[in-house]
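Residue numbering restarts at 1 for every chain, and letters A, B, ... go by the order of the sequence lines. Just so you know, these numbers come straight off a predicted model, no measurement behind them.
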Amino acid sequence: MSSPYDPKAIEAKWQDRWEKQRVAEVDLRNAAGKYYMLMMFPYPSGDRLHVGHGRNYILGDALFRYLRMHGHKALNPMGWDAFGLPAENAAIERGVHPRDWTWGNIRVMKEQFRRWGILYDWSKEIASCTPEYYRWNQWLFLRMFERGLAYKKKAPVNWCPSCQTVLANEQVVEGACERCGTPVVQRDLEQWFWRITAYAERLLSGLDDLPGWPERVKVMQRNWIGRSAGAEIDFAIPALGQTVTVFTTRPDTVHGATFMVLAPEHPLAAGLIAQHPRRAEIESWIERVRNTPRIQREGEGSPKEGWDTGRRAINPATGEEIAVWLANYVLPDYGSGAIMAVPAHDARDLELARQEGLPVRLVYHPEGGPEGPDGPEAPEDIAEADPALLREPILHEGVIRNAPPFDGLRDEPETVRRFIAWIEENGWGRGTVTYRLRDWLISRQRYWGTPIPVLYCERCGTVPVPDDQLPVELPYEVELTGRQGNPLSRVRSFVEAPCPRCGGAARRETDTMDTFVDSSWYYLRYLSPRDATRMFDSALANRWAPVDQYIGGIEHAILHLLYARFVCRVLHDFGMVGFEEPFTNLFNQGMITRYSEKSGRVEKMSKSRGNTVSPDELIDQMGADTERVYTLFIGPPEREAEWSDEAVTGAYRFLGRVWRMAEKLSDAPPTAPADGELERERHAAIQRVTQSMERFHFHTAVAALMELGNALSRALEEKTASRLRCDETFDTLLQLLHPMAPHISEELWERRGHVETLLDSSWPEHDEAKLRRERISVVVQIDGKLRDRVEVDAGASENEVRATALASPKVREHLAGQEVAKAVVVPGRLINLVTRRSA
RNA sequence: GCGAAAGUGGCGGAAUUGGUAUACGCGCUAGACUUAGGAUCUAGUCCCGAGAAAUCGGGUUGGGGGUUCGAGUCCCCCCUUUCGCACCA
């Protein structure tokens, strides 16, 4: 009768059954009740299949099964974020077409999901590389183009020399390409942008309405948007008859602006140096600065380099002439690309001023602080003696002097407001807000992406592709060599097309879209994946979305998650959805790490680091259930967790014990005295597992299951519980175990003669009354120190507890005749006897 | 530098609200069974001291101080680690 635990056979059986019966499918139109949506949109890159990556899928599946057992109509769709550079690079390296390579990887990943026992609603499957999907990227582009939200401009952009394409600001991490790590250089190119900056304020304020998002993600987005309020002030350059507008957050320091600085890339720079005797030198310096990698130029320690243009501007507040400089520390794409330099109150300006001998003038003067006997020491003292000797800028202290009518004001927001009003009254400038956020650069000079639906006609100029000519299909025949330039531009049959307006010869745009466009709205397409008439079904979207629970890694904190929030607002403004935030609750699972022989360190699991664990081997040896249980047990899911090959056996042993327990149930006696104890443990386990699942604390849920298993084992061993009680307890164990270990739990459940599957059964509920004991153990403390435990009736009064405690011989001994001044009783838990000493 | 999170046995970690610190698992120790296997089962395992033993006493949540009858949990100072931001005017 006894059969050993053989995960292979039972897992294959159930995976087959789930697949054939398509158990995860949801009829969106007819489903009712509370809805959840758990989604993923993985990139089928072929080298992502290791246990580290399984974590969020396993987590999502456990949650999905848990919700199903609660009777929720949970939707768990899966699709493929299939465009992207790795496919193109693989094509260049191995000579496989990106499309074939991608579909091959999708097949492999689907098989992996099946072997993990993960349920997806494959009737909703989408892939972004199909014309049926990407035509709606194009459709969306055209709608944005019509409203000026998509536009083309020539601008300095980030260029990755290795990927041979431009990158969005969000894809540049510490000055390097997010994907390949190559330092990014600046290039002046004509590119397509999406006007995300028009939504900066709404994207920022919307974060306050996302209580279900981790704080750190919201902070990262706030930093990225980088709102700063201040003023624009116009500085005239009389000799040229021009005006340079600067942006400052500190208009209250305008009296201290002793020179001004423009970015070397500033449009007026060339005019300013046109007559300069060393013009050629300055021009080659500008060229050098322009080609400096961002990380070098923007690093805080980078040396300041600048040139005096020889031109003079007028400080409107003082009427004085000030020098106009060009310097590398002023960036062309923030504010207006020009600043008023206030060295007394800004570290960077002070550094340049000291280096170049430029004047320093205080606006805020430190109070008090007369010179010491040894001359000026503190920065404030130096400032009073001679501002030019200042070593540190003065921040947030002192009062304004020599700037009537503001003398005596302190550094506080009200002062800034008064200055802005004054500047506006005099017509020198205006209060304004700027953002660090730049428009989203969506063009890519690559083949494997969504063609941008635009043509260039000699006569008509830039012409959008009419809707009825969508999709603009990506040609299959293409030569991918890795040579310079976009492969698409060499496909003549694609490039040459008639102008939709005049019918004359035109050229197609050969740039393709950033893949983050695909993932910015995919969650809506899941709801009507085959609809050929529209982007998505708004009625269904408003019923199911926003997404109740989103699970993903932290790496998307400002990329995908910012773009998706932006596009959601655009769709909202188009009247296509009734909400502005796409994801109500966000959960970031931590990575799985493992010791790497190569580096001798514990690192993120990845093929390149050679520290992966193959799920296939693990499943062959111990089964998918073991991998699932261990992955959930390894630690809090929001934190990183280190994979331990040895610790996996703990999960395997646990499942083996459960398996063998099923066969021992028949040995239980018909009646037993301690039935109530096991019943109490059963209800306690239900409560603990449920509470843990609600908080995503799968690791403590598994621990609670192990405890219930241990309790039942003990009862069976010692024959302290009846057959009926043991059966019932075991059934509960299987129910609670199902989200984590679906195969073994279904198999044992079926063998026990249940007709309905666990997935269709309901989640057990605990009974508060069953958790109570008749006699409870109460801890006795004396002055906060644990001295004894006494048994009392569950309903004992404070006085009874006190009397019992005082009667204990141990307590008497410790009291040693001291008076009890006070007794604190925590019902059902403890009594603390306080002696006079500490009262 | 600024901001955030964290610091608990040999290890991963547990402890919604202040109320028995170290659950659960790994590892380790001893034993049982044994066609000797990386299987299974049983017992033990925070530290120090006493005891043949059951047990008893003391200490312990990075360090120091505070609030409280009572602090891993709350407050203040310090140390360490991780993450995010960082010439953004």
Peer 1: Taking any heavy-atom pair under 4.0 Å as a contact, classify A/Val261: base, sugar-phosphate, or nothing.
Peer 2: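 Here A/Val261 touches no strand at all.
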Peer 1: Rounded to the nearest angstrom, tell me the gap between atom CG in A/Leu437 and atom C1' in B/C85.
Peer 2: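 Going from A/Leu437 (CG) to B/C85 (C1'), I get 15 Å.
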Peer 1: Choose from B/C87, B/U20, B/C69 the nucleotide whose nearest atom is closest to any side-chain atom of A/Val779.
Peer 2: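 Between B/C87, B/U20, B/C69, the one nearest the side chain of A/Val779 would be B/U20.
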Peer 1: If the C1' atom of B/A15 is compared with that of B/G58, how far apart are they to the nearest Å?
Peer 2: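 Between the two C1' atoms, the distance is 24 Å.
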Peer 1: Nearest of B/G19, B/A23, B/C88 to any side-chain atom of A/Tyr334?
Peer 2: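 Closest nucleotide among those given: B/C88.
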Peer 1: Would you mind reading off the distance between A/Leu326 atom CG and B/A89 atom C1', rounded to a whole angstrom?
Peer 2: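 Result: 16 Å.
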Peer 1: For A/Gln687 and B/A23, give me the distance from atom CD to atom C1', rounded to whole Å.
Peer 2: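 After rounding, the reported distance stands at 15 Å.
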Peer 1: Select one nucleotide: of B/G13, B/G19, B/A86, the one nearest the side-chain heavy atoms of A/Arg436.
Peer 2: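 Shortest atom-to-atom distance from the side chain points to B/A86.
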Peer 1: What integer distance in Å separates A/Glu215:CD from B/A5:P?
Peer 2: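 Rounding to the nearest Å, CD of A/Glu215 and P of B/A5 are 9 Å apart.
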Peer 1: Partner of B/A89 by Watson-Crick or G-U wobble geometry, both contacts under 3.5 Å, or none?
Peer 2: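 Check on B/A89: unpaired, no WC or wobble geometry under 3.5 Å.
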Peer 1: Across all strands, who's sitting opposite B/C2 as a Watson-Crick or G-U wobble pair, both distances under 3.5 Å?
Peer 2: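 Matched B/C2 with B/G84 under the 3.5 Å cut-off.
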Peer 1: Does OP1 or OP2 of B/G58 have a side-chain N or O of A/Arg787 closer than 4.0 Å?
Peer 2: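 Looking at the OP1 and OP2 atoms of B/G58, one of them is under 4.0 Å from a side-chain N or O of A/Arg787.
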Peer 1: If I take atom CG in residue A/Asp645 and atom C1' in nucleotide B/C11, what distance separates them, rounded to the nearest angstrom?
Peer 2: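 Going from CG in A/Asp645 over to C1' in B/C11 covers 14 Å.
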Peer 1: State which of B/A23, B/G58, B/C88 makes the closest approach to the side chain of A/Ala703.
Peer 2: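 In terms of side-chain proximity for A/Ala703, the closest of B/A23, B/G58, B/C88 is B/A23.
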Peer 1: So what does A/Thr434 hit on the nucleic acid, given a heavy-atom distance under 4.0 Å: a base, only sugar-phosphate, or nothing?
Peer 2: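 A/Thr434: no heavy atom of the nucleic acid under 4.0 Å.
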Peer 1: Rounded to whole angstroms, how far apart are NZ on A/Lys604 and P on B/C83?
Peer 2: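 Checked: the NZ to P distance equals 13 Å.
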Peer 1: When you get a sec, tell me which of B/U40, B/C69, B/U16 is the closest nucleotide to the side chain of A/Val824?
Peer 2: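 So the side chain of A/Val824 is nearest to B/C69.
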Peer 1: Look at A/Lys785 and B/U20 and indicate whether a side-chain polar atom (N or O) is within less than 4.0 Å of OP1 or OP2.
Peer 2: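 For B/U20, OP1/OP2 do not have a side-chain N/O of A/Lys785 under 4.0 Å.
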Peer 1: Counting side-chain heavy atoms from CB outward, which of B/C87, B/C83, B/C88 is closest to A/Lys304?
Peer 2: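 Given the options B/C87, B/C83, B/C88, the side chain of A/Lys304 is closest to B/C87.
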Peer 1: Checking all strands, does A/Val826 fall into the base, sugar-phosphate, or nothing category for heavy-atom contacts under 4.0 angstrom?
Peer 2: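 It contacts base atoms.
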Peer 1: Taking OP1 and OP2 of B/G25, is either one under 4.0 Å from a side-chain nitrogen or oxygen of A/Asn710?
Peer 2: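 Result: yes.
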Peer 1: Salt bridge or not for A/Lys604 and A/Glu640, using N-O below 4.0 Å?
Peer 2: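 Between A/Glu640 and A/Lys604 there is no salt bridge, as every charged N stays at least 4.0 Å from the carboxylate O atoms.
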Peer 1: Ignoring backbone atoms, test whether A/His699 places a side-chain nitrogen or oxygen under 4.0 Å from the OP1 or OP2 oxygen of B/C24.
Peer 2: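 Answer is no, no contact under 4.0 Å.
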Peer 1: Counting side-chain heavy atoms from CB outward, which of B/A23, B/G70, B/A89 is closest to A/Asn832?
Peer 2: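 Nearest to the side chain of A/Asn832 among the choices is B/G70.
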Peer 1: What nucleotide among B/C24, B/G13, B/A15 has an atom nearest to a side-chain atom of A/Thr700?
Peer 2: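 The answer is B/A15, which lies nearest to the side chain.
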Peer 1: C1' atom, B/C33 versus B/A23: distance in rounded Å?
Peer 2: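 To the nearest whole Å, 30 Å.
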Peer 1: Given B/C69, B/G25, B/U40, identify the nucleotide with an atom nearest to the side chain of A/Phe633.
Peer 2: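 Selected nucleotide: B/G25.
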Peer 1: Whether A/Arg688 contacts B/C24 is assessed here as follows: a side-chain N or O lying under 4.0 Å from the phosphate OP1 or OP2. Is that the case?
Peer 2: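 Indeed not, no polar side-chain atom of A/Arg688 lies that close.
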Peer 1: Between B/C2 and B/A86, how far apart are the C1' atoms? Round to whole Å, please.
Peer 2: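 Comparing C1' positions in B/A86 and B/C2 gives a spacing of 8 Å.
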Peer 1: Charged N to carboxylate O under 4.0 angstrom, A/Asp252 versus A/Arg250?
Peer 2: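 Result for this pair is yes, salt bridge flagged.
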Peer 1: Sugar-phosphate atoms are those with a prime plus P, OP1 and OP2; base atoms are the rest. Using that split, label each nucleotide of nucleotides 26-31 of chain B B, S or - for protein heavy atoms under 4.0 Å, 5' to 3'.
Peer 2: SS----
Peer 1: Which nucleotide, in any strand shown, forms a Watson-Crick or G-U wobble pair with B/U67, with both distances under 3.5 Å?
Peer 2: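 The base-pairing partner of B/U67, which may sit in any strand shown, does not exist here.
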Peer 1: Tell me which nucleotide, if any, is Watson-Crick or G-U wobble paired with B/G12 when both distances must be under 3.5 Å.
Peer 2: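 Base partner found: B/C24.
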Peer 1: Select base, sugar-phosphate, or nothing to describe what A/Lys810 touches, counting heavy atoms under 4.0 Å on all strands.
Peer 2: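 The residue A/Lys810 makes sugar-phosphate contact but no base contact.
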Peer 1: Using the C1' atom as the point on both nucleotides, what is the distance between B/C46 and B/A14, in whole Å?
Peer 2: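 One C1' to the other, the span is 15 Å.
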Peer 1: Within a 6.0 Å radius of atom CD on A/Glu717, are there more than 12 heavy atoms belonging to other residues, nucleotides or ligands?
Peer 2: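 No, the 6.0 Å shell around CD holds no more than 12 heavy atoms from other groups.
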Peer 1: Within the structure, does a side-chain N or O atom of A/Arg639 lie under 4.0 Å from either OP1 or OP2 of B/C83?
Peer 2: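 No, no such contact exists.
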Peer 1: From B/C41, B/G19, B/U16, pick the nucleotide closest to the side chain of A/Arg660?
Peer 2: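 In terms of side-chain proximity for A/Arg660, the closest of B/C41, B/G19, B/U16 is B/C41.
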Peer 1: Distance check, P atoms only: B/U68 and B/C75, in whole angstrom units.
Peer 2: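 Roughly 16 Å separates the two P atoms.
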Peer 1: Could you tell me whether A/Arg288 and A/Glu305 make a salt bridge, using a distance below 4.0 angstrom between a side-chain N and a carboxylate O?
Peer 2: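 Looking at A/Glu305 together with A/Arg288, the answer is yes, because their closest N to O distance falls below 4.0 Å.
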